[in-house]
Number of protein chains: 2
Amino acid sequence: GNKIKAMLEDNGDFLIPADRVANVQVDNNLDHALLVLTNIGYTIIPVLDHHGNIKGLISMPVIMKAITGLKDIHFDQLSDLSVSEVMKTDFAQVEEDYELEDVLHLLVDNPFVCVTDDSGSFKGIITRKVVLAATNRLAHE
Amino acid sequence: GNKIKAMLEDNGDFLIPADRVANVQVDNNLDHALLVLTNIGYTIIPVLDHHGNIKGLISMPVIMKAITGLKDIHFDQLSDLSVSEVMKTDFAQVEEDYELEDVLHLLVDNPFVCVTDDSGSFKGIITRKVVLAATNRLAHE
Ligand SMILES: Nc1ncnc2c1ncn2[C@@H]1O[C@@H]2COP(=O)(O)O[C@H]3[C@@H](O)[C@H](n4cnc5c(N)ncnc54)O[C@@H]3COP(=O)(O)O[C@H]2[C@H]1O
Ligand SMILES: Nc1ncnc2c1ncn2[C@@H]1O[C@@H]2COP(=O)(O)O[C@H]3[C@@H](O)[C@H](n4cnc5c(N)ncnc54)O[C@@H]3COP(=O)(O)O[C@H]2[C@H]1O
């Protein structure tokens, strides 16, 4: 209970700051997003607007679903559709003064949690990796 | 240390059995693998041979990298290449009598760990989700 929470909290700041998080813009089209995802190697990344607010998440499965018909993949639609039309808008997010318990709860079902300030500006992400690394250290003590 | 390990171990069996794990075969070609990944919604899945042994992992980024040139995506290559030619062969795996500490360690850097029997036959996977769910329960007790 509280002992574990205190130990996880001792492990310091879990945030990966926004400037180290790969992202795309809402008005990028899908072939740009596909090339970014192919080159950076991350599975799912945030979508920002021009004010630095997070608007959604984009991943290859979401892009492929948008251009796949019953029998065929319509690759020509990649340059017609924009990221904002297909991105996932229901995603895990907390504010900077988050409770660790809430983040732990959200990481059960999400690969990462987005962190914003109180006006919605994107501050970074907390990933499962950093929490698992802290749990791993605790188990070895 | 040991208290956490004992608590995690009390949480029972973490294995998702092989018959509930989406997979493709080594000799499938890439357009088949792409359609399977698009439809099932999992990011990265195991590749099995015809004896039920795990040979690698396949994901959309790996497929897209294999058909993307400097400027262009060569979608026509999807039917020419087989899964075994592009799959990731370096992946986390343990045997059925695994130590929880080893699985915790592997889950820091891998979304899941593959479990085999002593002759290499695929038994299932242990995902980050089930370990995070157990950690989450411990933090709330
Ligand atoms: N370049 C790299 N170097 C070292 N390890 C790597 C890596 N790429 C992937 N991994 C490992 O694989 C896990 C899954 O990555 P994935 O890209 O599917 O899923 C990632 C990705 O979608 C996203 N992510 C992580 N870091 C990111 C970043 N800097 N920018 C954008 N998205 C990021 O958060 C998800 C969870 O990340 P997490 O670190 O927990 O878990 C990562 C990490 O353990
Ligand atoms: N259909 C669904 N129902 C409920 N939740 C879902 C879901 N699809 C994805 N999720 C959630 O999203 C996380 C990341 O899924 P992803 O497909 O990127 O990454 C997955 C996927 O690549 C693979 N995986 C999980 N279950 C699988 C299965 N039955 N067959 C094949 N691969 C599986 O293991 C990775 C980690 O899975 P984990 O459960 O830790 O983490 C999952 C889970 O928390």
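Reminder, nothing fancy here: chain letters follow the sequence lines and each chain counts from 1. Given the structure is predicted, the values throughout are model-derived calculations rather than measurements.
Put simply, A/Val24 and A/Tyr42 are part of the same group of oily side chains (I, L, V, M, F, W, Y) that touch within less than 4.5 Å, one to the next. Residue A/Ile67 is grouped with residue B/Leu30 when hydrophobic side chains (ILVMFWY) are merged at heavy-atom distances under 4.5 angstrom, including chains of intermediate members. Following chains of ILVMFWY side-chain contacts shorter than 4.5 Å, one cannot reach B/Leu15 starting from B/Ile125, and the two form parts of different hydrophobic clusters. Transitive grouping of hydrophobic side chains (ILVMFWY, heavy atoms separated by less than 4.5 Å) brings A/Val108 and B/Phe14 into a common cluster. Cluster annotation: B/Met87 and B/Phe91 are assigned to distinct hydrophobic clusters (Ile/Leu/Val/Met/Phe/Trp/Tyr, side-chain heavy-atom contacts under 4.5 Å, transitive).
Heavy-atom minimum distance, A/Met64 versus B/Leu34: CE-CD2, 3.6 Å. A/Leu132 and B/Leu107 make their closest contact through CD1-O, 3.4 Å (heavy atoms, listed as atom of the first residue, atom of the second, distance).
Neither the backbone nor the side chain of A/Asp31 comes within contact range of chain B, judged by heavy atoms closer than 4.5 Å. If you measure heavy-atom distances from B/Val131 to chain A, the contacts under 4.5 Å come from the side chain alone. Looking at B/Ile44, there are no atoms closer than 4.5 Å to chain A (heavy atoms on both sides), in backbone or side chain. At a 4.5 Å heavy-atom cutoff, A/Ile63 makes no contact with chain B through either its backbone or its side chain.
Note that CG of B/Asn110 is 9.5 Å distant from NZ of A/Lys129, once rounded to the nearest 0.5 Å.
Contacts of residues 75-84 of chain A with chain B at a heavy-atom distance below 4.5 Å involve A/Phe75, A/Leu78, listed in sequence order. Contact annotation for residues 112-122 of chain A against chain B (heavy-atom separation below 4.5 Å): no residues qualify. When the heavy atoms of residues 52-62 of chain A are compared with those of chain B, the residues falling under 4.5 Å are A/Met60, A/Pro61, listed by number.
The salt bridge (charged side-chain N to carboxylate O under 4.0 Å, His left out) search around A/Glu101 returns A/Lys5, not counting sequence neighbours.
Ranked by heavy-atom pairs under 4.5 Å with chain A, the list B/Thr38, B/Leu35, B/Leu104 is led by B/Thr38.
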